[in-house]
Asks: 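My questions will all concern the structure given below.
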Amino acid sequence: MTQALVTPPGPARTTSRPSGLFGLTPASRIGLGLALVWFSVLVLLPLAAVVGAAAAGGWGAFWGTLTDAQTFAALRLTVMEAAGVTVINAIIGTIVAWVLVRDQFFGKRILDVVIDIPFALPTIVAGLVLLSLYGPESPVGINIVNTRQGIFLALLFVTLPFVVRTVQPVLLELDADVEEAAASLGASRMTTFRRIILPSLVPAIAAGSSLGFARAISEFGSLVLISGNTPYQTEVASLKILKFIEGDNQAGAAAVAVLLLLVAVFTIVLLDLISRRVARRG
């Protein structure tokens with residue numbers, strides 16, 4: 001005969017949770033408040049001021065500024081050049097990150113440091129560097145001042161590190177055993193890259209590309225000396241904003257700034273959606 005032993009239920013366990021707003025501790029509430037105030041002062045309030053300035057003249061003035069032939073040409077040039085630079089950075093930046101992580105060669109550490117130079121240099125200094133090398137007195141005989149090629153090169157220079165630095169940590173964290181297992185099962189290198197490595201890299205590539213694109217469409221310092229600022233040819237949006245401000249047209253400058261902001265936000269969201277879809281399909 002089997003006798004079932006029943007143990008009396010013990011006291012119910014209670015988990016202590018912080019009380020208060022959203023279950024946060026007093027220290028967390030203070031930290032959240034400081035973060036929100038800091039974010040509001042640095043980001044939200046300035047953005048609201050720009051939007052308010054753009055709306056000051058009404059919808060007609062806003063739309064008239066953006067559809068002006070000269071302004072539209074500057075915006076189109078800026079977006080097209082930034083998009084081209086972003087595509088190149090996504091490809092070349094990923095390759096550079098791969099080489100720095102997976103390969104060993106003489107001068108690797110020096111190259112790893114040099115990549116960050118565009119981050120460290122003031123943008124006006126970057127423009128001076130490019131002007132010295134590819135200006136009218138170029139030691140290599142190439143003059144790209146006041147050309148679209150010069151704008152493209154300047155944007156490539158200032159956005160170089162973004163994709164490299166976002167892809168590098170992901171490559172460092174990838175488990176090589178997974179790649180070896182795929183190879184042992186007969187998967188080719190291309191299949192391994194497409195099905196295992198690429199889905200992990202795409203979010204990082206998209207993040208770096210988004211940052212690079214946002215930096216490119218708003219670049220100013222390096223283009224002052226290179227672009228020439230010729231209307232309908234080499235005038236970019238940031239220099240057009242400067243012209244509006246110098247002409248005491250703050251509403252026009254704000255209208256262009258708001259459009260650039262919307263383009264940057266749209267691009268960031270689009271690249272994020274693409275990266276998520278690619279990661280799921282991989």
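Basis for what follows: all heavy atoms, side chains included, without hydrogens, waters or symmetry-related copies. Sequential numbering from 1 along the given sequence is applied to the chain's residues.
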Asks: Taking a hydrophobic cluster as the set of Ile, Leu, Val, Met, Phe, Trp and Tyr residues connected by side-chain heavy atoms closer than 4.5 Å, whether directly or through intermediates, do Leu160 and Ile92 fall within one such cluster?
Replies: no
Asks: Show the nearest heavy-atom pair for residues Phe62 and Ala255, with the distance to one decimal.
Replies: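 Minimum heavy-atom separation between Phe62 and Ala255: CD1-CB, 3.5 Å.
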Asks: Taking ILVMFWY side chains as joined if any heavy atoms are under 4.5 angstrom apart, and letting links pass through other members, which residues group with Phe72?
Replies: none
Asks: Rounded to the nearest 0.5 Å, what separates atom CG in Leu77 from atom OH in Tyr232?
Replies: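 It comes to 13.5 Å.
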Asks: In chain order, what residues pass the side chain to side chain contact (heavy atoms under 4.5 Å, CB included) check against Leu44, with sequence neighbours excluded?
Replies: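 If we apply the side chain to side chain contact (heavy atoms under 4.5 Å, CB included) test to Leu44, skipping adjacent residues, the hits are Phe39, Ser40.
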Asks: Rounded to the nearest 0.5 Å, how far apart are CD of Gln70 and CG of Leu75?
Replies: 11.0 Å
Asks: Can you tell me if Arg148 uses its side chain to pair, donor with acceptor, with the backbone of Thr234 under 3.5 Å?
Replies: no
Asks: How long is the gap from CG on Leu111 to CG on Leu100, to the nearest 0.5 Å?
Replies: 5.0 Å
Asks: Rounded to the nearest 0.5 Å, how far does CD of Glu81 lie from OG1 of Thr86?
Replies: 11.0 Å
Asks: Identify the two heavy atoms, one from Val145 and one from Leu225, that lie closest to each other, and give their separation to 0.1 Å.
Replies: CG1-O, 4.0 Å
Asks: Please enumerate all residues that pass side chain to side chain donor-acceptor pair (under 3.5 Å) together with Ser132, with sequence neighbours excluded.
Replies: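 Listed in chain order: nothing, the list is empty.
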Asks: Between Ser138 and Asn143, do the side chains contain a donor N or O and an acceptor N or O under 3.5 Å apart?
Replies: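 No, Ser138 and Asn143 have no side-chain donor paired with an acceptor closer than 3.5 Å.
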Asks: Say whether Ile205 and Val101 are linked into one hydrophobic cluster, either directly or through other cluster members, by side-chain heavy-atom distances under 4.5 angstrom.
Replies: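 Yes, one cluster joins them.
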Asks: To the nearest 0.5 Å, what is the distance between CZ on Arg29 and CG on Leu34?
Replies: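 The distance works out to 13.0 Å.
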Asks: Does Ile226 reach the side chain of Leu131, with side-chain heavy atoms less than 4.5 Å apart?
Replies: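 Yes, their side chains come closer than 4.5 Å.
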Asks: List for me each residue that meets side chain to side chain donor-acceptor pair (under 3.5 Å) alongside Thr71, sequence neighbours excluded, and say none if there are none.
Replies: Asp68
Asks: Let me check something: do Val263 and Leu270 share a hydrophobic cluster, defined by ILVMFWY side-chain heavy atoms less than 4.5 Å apart, either directly or through other members?
Replies: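 No, separate clusters.
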Asks: If you round to the nearest 0.5 Å, how far is CZ of Phe213 from OG1 of Thr267?
Replies: 3.5 Å
Asks: Tell me the closest heavy-atom pair linking Ala54 and Ala254, and the distance in Å.
Replies: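 Here Ala54 and Ala254 meet closest at N-CB, 3.5 Å.
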Asks: Checking Ser210 now: which residues fulfil side chain to side chain contact (heavy atoms under 4.5 Å, CB included) with it, not counting sequence neighbours?
Replies: Ile268, Leu271
Asks: Any chance CZ of Phe105 has more than 12 other-residue heavy atoms, nucleotides or ligands included, within less than 6.0 Å?
Replies: yes
Asks: Would you check if the side chain of Thr166 reaches a backbone N or O of Ala204 as a donor-acceptor pair within less than 3.5 Å?
Replies: yes
Asks: If you link ILVMFWY side chains whenever their heavy atoms are less than 4.5 Å apart, which other residues fall into the same cluster as Val41? By chain and number, please.
Replies: Val37
Asks: By side chain to side chain contact (heavy atoms under 4.5 Å, CB included), which residues pair with Ala207, not counting sequence neighbours?
Replies: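 Testing Ala207 for side chain to side chain contact (heavy atoms under 4.5 Å, CB included), a comparison that skips the adjacent residues, returns none.
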Asks: Considering residues at least two apart in sequence or located in another chain, which fulfil the side chain to side chain contact (heavy atoms under 4.5 Å, CB included) criterion with Trp38?
Replies: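 For Trp38 the side chain to side chain contact (heavy atoms under 4.5 Å, CB included) partners, ignoring immediate neighbours, are Leu42.
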Asks: Within a 6.0 Å radius of atom CG on Leu262, are there more than 12 heavy atoms belonging to other residues, nucleotides or ligands?
Replies: yes
Asks: May I ask whether Ile124 and Tyr134 are part of the same hydrophobic cluster, defined by side-chain heavy atoms of I, L, V, M, F, W, Y residues being less than 4.5 angstrom apart, directly or through others?
Replies: yes
Asks: Donor-acceptor pairs under 3.5 Å, side chain of residues 238-251 to any protein atom, not counting sequence neighbours: which ones?
Replies:
{"from": "Ser238", "atom 1": "OG", "to": "Glu219", "atom 2": "O", "distance (Å)": "2.6"}
{"from": "Lys243", "atom 1": "NZ", "to": "Glu235", "atom 2": "OE2", "distance (Å)": "2.9"}
{"from": "Asn249", "atom 1": "OD1", "to": "Gly252", "atom 2": "N", "distance (Å)": "3.0"}

Asks: Under 3.5 Å, side-chain donor or acceptor atoms of residues 151-159 against the rest of the protein: list the pairs with distances, not counting sequence neighbours.
Replies:
{"from": "Thr159", "atom 1": "OG1", "to": "Asn89", "atom 2": "ND2", "distance (Å)": "2.7"}
{"from": "Thr159", "atom 1": "OG1", "to": "Leu155", "atom 2": "O", "distance (Å)": "2.6"}

Asks: Within a strict 4.5 Å, meaning less than it, do heavy atoms of the Ser218 and Leu260 side chains meet?
Replies: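 No, side chains not in contact.
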Asks: Tell me, which pairs form a side-chain hydrogen bond (donor to acceptor under 3.5 Å, both in side chains) where one or both residues lie in residues 115-125, sequence neighbours left out?
Replies: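 Matches after skipping sequence neighbours: Asp116-Arg165.
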Asks: Please list all pairs passing the salt bridge (charged side-chain N to carboxylate O under 4.0 Å, His left out) test where one or both residues lie in residues 262-273, with sequence neighbours left out.
Replies: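 For residues 262-273, and leaving out neighbouring residues, the salt bridge (charged side-chain N to carboxylate O under 4.0 Å, His left out) pairs sorted by first residue read Asp272-Arg276.
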Asks: Could you check Val50 against Leu47 for side chain to side chain contact (heavy atoms under 4.5 Å, CB included), going step by step and ending with a plain yes or no?
Replies: CA-CA 5 Å; Val50 171; Leu47 288 180; 5.6 Å; no
Asks: Val167 and Ile95: same hydrophobic cluster, using ILVMFWY side-chain contacts below 4.5 Å?
Replies: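 In one cluster: no.
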